[in-house]
Amino acid sequence: MSASASIRAGEHAARLTLTRRGRFVLVGLPLLTGAAALVVLAVVFLVPSTASAGSDPHVGAGTERAVVHPGESLWDLAVTADPQRDPRDVMDEIVELNDLRSSALVAGQELVVPAA
């Protein structure tokens, strides 16, 4: 037998065969990954968003709007809004409700304050 004949015979002997686990890894795993990605995309795009972007504070139950008068401070506003509570707690709530960056107020500014 010549050298080329033995090489050709060796080509047929080195044929690739996949086991059951190999077929799963080669075919099943990518299919499962793709299906999971489709489910995630469907949830992201089909489920309505409950968050809403906006810069205006939300007036809800237990809150009301107040207009800042000239010379009025955050402390004065807190005492007027709820005189029964500690003004520091009310001030913290006003800052949180209105997303204030500082305690400086401007006359005519409209703020959401907790209702008494």
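Along the sequence shown, the residues carry numbers beginning at 1.
- To the nearest 0.5 Å, atoms CG (N98) and CD (E93) are separated by 10.5 Å.
- For the pair T80 and H69, the minimum side-chain heavy-atom distance is 4.5 Å or more.
- The two residues V112 and I94 make their nearest non-hydrogen contact at O-CG2, 4.2 Å.
- R65 places no side-chain N or O within donor-acceptor distance of the main-chain N or O of E110, the cut-off being under 3.5 Å.
- A pairwise comparison of heavy atoms in A66 and L77 identifies CB-CD1, 4.1 Å as the closest pair.
- One hydrophobic cluster, built from ILVMFWY side chains closer than 4.5 Å, holds both W75 and V95.
- L74 approaches L105 most closely through the heavy-atom pair N-CD1, 3.6 Å.
- Annotation: the span from T33 atom OG1 to L38 atom CG amounts to 11.0 Å, rounded to 0.5 Å.
- Closest non-hydrogen pair, P87 versus A78, comes out as O-CB, 3.6 Å.
- Under the salt bridge (charged side-chain N to carboxylate O under 4.0 Å, His left out) criterion, the residue pairs touching residues 73-84 are D82-R85, with sequence neighbours excluded.
- Under the 4.5 Å side-chain heavy-atom criterion for Ile, Leu, Val, Met, Phe, Trp and Tyr, V79 and V67 are members of distinct hydrophobic clusters.
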